[in-house]
Student: 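Encoded as structure tokens, here's the structure I'll be asking about.
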There are 2 protein chains.
Amino acid sequence: MNIFLNTIGAVNDATRVEILHFINTNGEVCVCDIENSFLMIQSRISRHLKILKDAGFLKVDRRGRWAYYSVRTPMDEFRQSILKEIGSLDIKIPLLNKGCKSE
Amino acid sequence: MNIFLNTIGAVNDATRVEILHFINTNGEVCVCDIENSFLMIQSRISRHLKILKDAGFLKVDRRGRWAYYSVRTPMDEFRQSILKEIGSLDIKIPLLNKGCKSE
DNA sequence: ATTACACATCAATATATCTTGATATATTAT
DNA sequence: ATAATATATCAAGATATATTGATGTGTAAT
């Protein structure tokens, strides 16, 4: 039950649904890209990414000073059905706006 | 987005997941049966049933002074996948304990 | 070693949600 | 009409969750 509620709770927030859809659409992005695209402060983004990661939707790959987030693969059927449903909604997400000052 | 969050929010609560699983297991039940099986006060049950109904998981059939709740049919693929996932969890639900004082 | 950037976490506050008891409404039997 | 049962809704307090700014950690360049 706890795992279920954790999974469900992660997508029970408009901001997280948007971020998840953004990553699912754009593929691997780093935190500063999300920060720059959504115009939200970094700590807020970071917190939401942690929740989505802990719930099994995202994975992180740290390379250098950046943390690259992407949709976790492989993914179980239930989480896939949630992703599919989110994809079918007509959610407005910002354009990818690269935010890292050096690379 | 709002419909999605409403659907998700309805199953983002242990009590509601248990009630939903209970109805999915036992078929059509009336409110006093749930009240008597779960040993919860009536207003609490009623509130949760309303949320599950408004989220598209349950339907009501009023006959006489009773309100009979059951899983809504037909049900879209996404809600079905949620029900399926809940069914796969190992959720403890009480035995059906008929509670209506007359019938 | 120092500076700059990327990211994570903490603590306080704000906001939303759940629970509960009381109260209201509706139906049926007498 | 009155009483009893079934159900719904309201308002208050309790609890959980989100947001924010500050602070901490790690990496890379100078």
Side-chain angles (χ1 to χ4, degrees), chain A residues 1-2 4-20 22-23 28-55 58-70 96-103, chain B residues 1-2 4-20 22-23 28-55 58-70 96-103:
Chain A
M1 173 73 103
N2 285 340
F4 174 79
L5 289 178
N6 195 44
T7 305
I8 286 292
V11 288
N12 190 33
D13 180 88
T15 302
R16 283 195 291 274
V17 170
E18 286 165 14
I19 291 175
L20 188 51
F22 181 81
I23 295 174
E28 193 180 62
V29 290
C30 72
V31 180
C32 51
D33 294 336
I34 305 175
E35 195 185 342
N36 216 251
S37 303
F38 280 86
L39 300 174
M40 289 180 184
I41 62 174
Q42 179 268 323
S43 64
R44 185 178 169 188
I45 299 288
S46 184
R47 187 182 191 278
H48 287 308
L49 288 172
K50 181 180 168 54
I51 291 171
L52 287 168
K53 177 171 69 70
D54 290 350
L58 297 179
K59 69 170 195 279
V60 206
D61 188 20
R62 285 172 211 286
R63 298 201 292 274
R65 60 182 109 168
W66 292 279
Y68 292 91
Y69 282 84
S70 55
L96 176 60
N97 193 357
K98 286 271 173 192
C100 312
K101 297 197 180 151
S102 54
E103 195 150 3
Chain B
M1 173 74 103
N2 285 340
F4 174 79
L5 290 177
N6 195 45
T7 305
I8 286 293
V11 288
N12 189 34
D13 179 88
T15 302
R16 284 196 290 275
V17 170
E18 285 165 14
I19 291 175
L20 188 52
F22 180 81
I23 296 175
E28 192 180 62
V29 289
C30 72
V31 179
C32 50
D33 294 337
I34 304 175
E35 196 184 340
N36 217 252
S37 303
F38 280 86
L39 300 175
M40 288 181 186
I41 62 174
Q42 180 268 324
S43 63
R44 186 177 169 188
I45 299 288
S46 184
R47 187 182 192 277
H48 286 309
L49 288 173
K50 181 179 168 55
I51 291 171
L52 287 168
K53 178 170 69 70
D54 290 350
L58 297 178
K59 68 170 195 280
V60 206
D61 187 20
R62 286 173 210 287
R63 297 198 294 274
R65 61 182 108 166
W66 293 279
Y68 292 91
Y69 282 83
S70 55
L96 177 60
N97 193 357
K98 285 272 175 192
C100 311
K101 298 196 181 155
S102 55
E103 195 151 3

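Below, each value reflects all heavy atoms present in this structure, side chains not excepted, and no hydrogens, waters or symmetry copies. Nothing here was measured: the structure is a model prediction, and the numbers come from that model. Below, chain A is the first sequence line, B the second, and so on; all start at residue 1.
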Student: Which protein N or O atoms sit under 3.5 Å from an N or O of nucleotides 7-11 of chain C?
Tutor:
from: C/dC7; atom 1: OP1; to: A/Val31; atom 2: N; distance (Å): 3.4
from: C/dC7; atom 1: OP1; to: A/Ala67; atom 2: N; distance (Å): 2.8
from: C/dC7; atom 1: OP1; to: A/Ala67; atom 2: O; distance (Å): 3.4
from: C/dC7; atom 1: OP2; to: A/Cys32; atom 2: N; distance (Å): 2.7
from: C/dA8; atom 1: OP1; to: A/Arg62; atom 2: NH1; distance (Å): 3.4
from: C/dA8; atom 1: OP1; to: A/Arg62; atom 2: NH2; distance (Å): 3.3
from: C/dA8; atom 1: OP1; to: A/Tyr69; atom 2: OH; distance (Å): 2.8
from: C/dA8; atom 1: OP2; to: A/Ser46; atom 2: OG; distance (Å): 2.9
from: C/dA8; atom 1: N7; to: A/Gln42; atom 2: OE1; distance (Å): 3.3
from: C/dA8; atom 1: N7; to: A/Gln42; atom 2: NE2; distance (Å): 2.7
from: C/dA8; atom 1: N6; to: A/Gln42; atom 2: OE1; distance (Å): 3.1

Student: Which one of B/Asp61, B/Leu58, B/Asp33, B/Leu20 satisfies the side-chain contact (heavy atoms from CB on, under 4.5 Å) criterion with B/Tyr69?
Tutor: B/Leu58
Student: Taking all atoms of both residues into account, what is the closest heavy-atom pair of A/Asn36 and A/Lys98, and its distance?
Tutor: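 Smallest heavy-atom distance, with atoms named: OD1-O, 3.7 Å.
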Student: Calculate the interatomic distance between B/Lys98 atom NZ and D/dA6 atom P; express it in whole Å.
Tutor: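 That distance rounds to 12 Å.
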Student: Please state how far atom CG in B/Asn6 lies from atom C1' in C/dA16, giving the value in whole angstrom units.
Tutor: 14 Å
Student: Could you tell me the separation between the NE2 atom of A/His48 and the C1' atom of D/dT20, rounded to a whole number of Å?
Tutor: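 The answer, rounded to whole Å, is 11 Å.
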Student: Could you check whether any side-chain N or O of B/Ser46 sits under 3.5 Å from a backbone N or O of B/Gln42, counting only pairs where one atom can act as donor and the other as acceptor?
Tutor: no
Student: Please work out if B/Arg16 contacts a base, only the sugar-phosphate, or nothing of the nucleic acid, heavy-atom cut-off 4.0 Å.
Tutor: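 Sugar-phosphate contact only - B/Arg16 comes under 4.0 Å of backbone atoms but never of a base.
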Student: Rounded to the Å, how far apart are B/Ile19 CD1 and C/dC18 P?
Tutor: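 Checked: the CD1 to P distance equals 12 Å.
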Student: Measuring from atom CD1 of A/Ile41 to atom CG of A/Leu39, what distance do you get when rounded to the nearest 0.5 angstrom?
Tutor: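 Output value for this atom pair is 12.0 Å.
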Student: What are the two closest non-hydrogen atoms of B/Met40 and B/Ile45, and how far apart are they?
Tutor: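 Result for this residue pair: CB-CD1, 3.8 Å.
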Student: Can you name the one residue among A/Arg62, A/Lys59, A/Glu28 that meets side-chain contact (heavy atoms from CB on, under 4.5 Å) with A/Tyr68?
Tutor: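 Exactly one pass, corresponding to A/Glu28.
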Student: Can you name the closest pair of heavy atoms from A/Val11 and B/Leu5 and give their distance?
Tutor: O-CD2, 3.6 Å
Student: Residues in side-chain contact (heavy atoms from CB on, under 4.5 Å) with B/Arg47, at least two apart?
Tutor: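 So B/Arg47 forms a side-chain contact (heavy atoms from CB on, under 4.5 Å) with B/Ile51.
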Student: Tell me the interatomic distance from A/Ile41, atom CD1, to D/dT19, atom C1', rounded to whole angstroms.
Tutor: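 Those two atoms, CD1 and C1', are 7 Å apart.
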Student: From CD1 of B/Ile45 over to P of D/dA8, roughly how many Å is that when rounded to an integer?
Tutor: 11 Å
Student: Just how far is it from atom NE2 of A/His48 to atom CD1 of A/Ile19, taken to the nearest 0.5 Å?
Tutor: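 A/His48 atom NE2 to A/Ile19 atom CD1 measures 6.0 Å (nearest 0.5 Å).
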Student: To the nearest Å, how far apart are B/Ile51 CD1 and D/dT9 P?
Tutor: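 It is 11 Å, rounded to the nearest whole Å.
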Student: CD1 of B/Ile8 versus P of C/dT17: gap in Å, rounded?
Tutor: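 After rounding, the reported distance stands at 14 Å.
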Student: Compute the bend angle of the helix from C/dA1-D/dT30 to C/dT30-D/dA1 from the end axes (five pairs per end), rounded to 10°.
Tutor: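 Nearest ten degrees gives 20° for this helix.
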